[in-house]
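Before any comments, here is the structure.
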Amino acid sequence: MEGNSGRATEALVRSPRSVGFPAVSLPDAAAIMKLAASNGRHHSLTAMAAYLGHATANSGPFRQKLAALKDWGLVAMLGDAVTITDRGMGIALPASPAAELDLMLGAFQGCSIFWEVYNDTAKGLPLSLETIGNNAVTLYGVNAKTRDKFVKSFVDSAAAVGMAERLPTGEVRLMQHAVEADAVRSRLPTPPIPETPVLTGGSEKERGTSRPASEKRESDDLHTAISQVWKDGTTEIVFEVRASGPLPSAAFMEIGTAVTAIEVLREALQDSQS
């Protein structure tokens, strides 16, 4: 009886199994598909490992990335062979930017945990990354140890399909459905340009940017649409997009590609300093 009681108590206090999610963000997964699909639709595990940046197919990190591609519906497994799905091929070799965006959106909606978090979270309001991560742990069963990885993959993926945007404050704003994203952004107020006091004396550089209205630079009418900073040790990479109006949804595809390239650059810089 004591043995049974002990096992029952252990079962009650045992932590529930954490919910899985794609550890590879959707834009990163799309970049992998473009590389793999350029060499065919069917691949061995060894070849796929190389496309994912691994020397062998036996490592845990490779298996985790491969699982993410499966979660996105981009690849299917049959034994030790990896086949790129129709969705994966459509993203890798799209008929048009709009077609690629539709397939990416379908992949995002097909990820049950990301789609649930998106649907249950307020739209149009600034949200801190910490809030999104904490809710993922407490409300959806994400492992606390993988909270930050979850937030990065979720936000990057949502932004890639026009359903989220990063704010200069470091917060995130979730948008409506991708086809409504442009309309939502157009209703957001453009941050006002602070007035610069007119100074007398000194050079133009010393006086700052005080100029007659007729000489106002064209860039003064732009507002920051996307801003992200990677800072580590002695290096800092700043990626910023400024525009006079809302960004088109299709632009987020290219932004995702640019961010992926920047992350590769960041890793190279880190390796050169180690």
Side-chain angles (χ1 to χ4, degrees), residues 21-38 48 51-54 61-62 64-75 84-115 117-118 129 132-133 136 146 148-167 170 172-175 177-179 181-182 185 225-230 237-241 247-268:
F21 62 90
V24 177
S25 69
L26 187 52
D28 286 348
I32 293 170
M33 287 297 95
K34 293 179 186 296
L35 175 61
S38 67
M48 185 58 68
Y51 297 138
L52 270 67
H54 297 276
F62 163 68
Q64 187 179 47
K65 291 179 181 178
L66 183 60
L69 297 181
K70 292 169 63 178
D71 289 342
W72 288 124
L74 304 181
V75 301
I84 301 176
T85 64
D86 290 344
R87 174 185 289 167
M89 292 299 295
I91 290 174
L93 303 169
S96 67
E100 183 178 6
L101 181 59
D102 286 342
L103 290 169
M104 294 273 283
L105 179 59
F108 185 79
Q109 292 173 327
C111 177
S112 58
I113 178 62
F114 282 177
W115 190 235
V117 170
Y118 168 80
L129 300 182
I132 295 175
T146 60
D148 293 343
K149 183 176 291 187
F150 174 92
V151 172
K152 184 180 187 308
S153 183
F154 170 74
V155 173
D156 288 352
S157 301
V161 294
M163 303 176 80
E165 61 177 351
R166 294 182 181 275
L167 304 177
V172 173
R173 178 188 288 119
L174 295 187
M175 314 298 289
H177 189 277
V179 298
D182 287 345
R185 291 192 196 95
I226 299 291
S227 180
Q228 188 166 345
V229 178
W230 293 260
I237 302 175
V238 180
F239 176 69
E240 184 173 276
V241 177
L247 297 179
S249 299
F252 283 88
M253 297 297 302
E254 303 305 326
I255 290 173
T257 301
V259 169
T260 299
I262 291 173
E263 290 179 344
V264 172
L265 170 62
R266 179 171 174 257
E267 291 180 2

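Listed by chain and residue number, H43, M48, Y51, I84 satisfy the side chain to side chain contact (heavy atoms under 4.5 Å, CB included) test with A36 (two or more places apart in sequence, or in another chain). Contacts of F150 classified as ring-ring contact (aromatic ring centres under 6.0 Å, His included), with partners at least two apart in sequence or in another chain: F21, F114. Checked against side chain to side chain contact (heavy atoms under 4.5 Å, CB included), A67 has no partners two or more places apart in sequence or in another chain.
Expressed to the nearest 0.5 Å, how far OH of Y118 lies from CE of M163 amounts to 3.5 Å. To the nearest 0.5 Å, atom OG of residue S153 and atom CG of residue D71 are 9.5 Å apart. To the nearest 0.5 Å, atoms CZ (F154) and CG (L129) are separated by 10.5 Å. For the atom pair OG1 of T146 and NZ of K152, the computed distance is 14.5 Å after rounding to the nearest 0.5 Å.
The two residues V151 and G133 come nearest to each other via the heavy atoms CG2-CA, 3.4 Å. Closest non-hydrogen pair, L105 versus V161, comes out as N-CG1, 3.6 Å. A pairwise comparison of heavy atoms in A160 and L101 identifies O-CD1, 4.0 Å as the closest pair. For the residue pair G162 and M175, the shortest heavy atom distance occurs at O-CB, 3.7 Å.
Two residues are said to be in side-chain contact when any heavy atoms from C-beta on lie closer than 4.5 Å; I32 and L69 meet this criterion. Within the 4.5 Å cutoff, side-chain heavy atoms of C111 are placed close to those of P22. Using a 4.5 Å cut-off on side-chain heavy atoms (C-beta onward), V75 and M33 make contact.
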Show which side-chain atoms of residues 86-93 pair as donor or acceptor with protein atoms under 3.5 Å away, not counting sequence neighbours.
residue, atom, partner, partner atom, Å
D86, OD1, R41, NH2, 2.3
R87, NH1, W72, O, 2.9

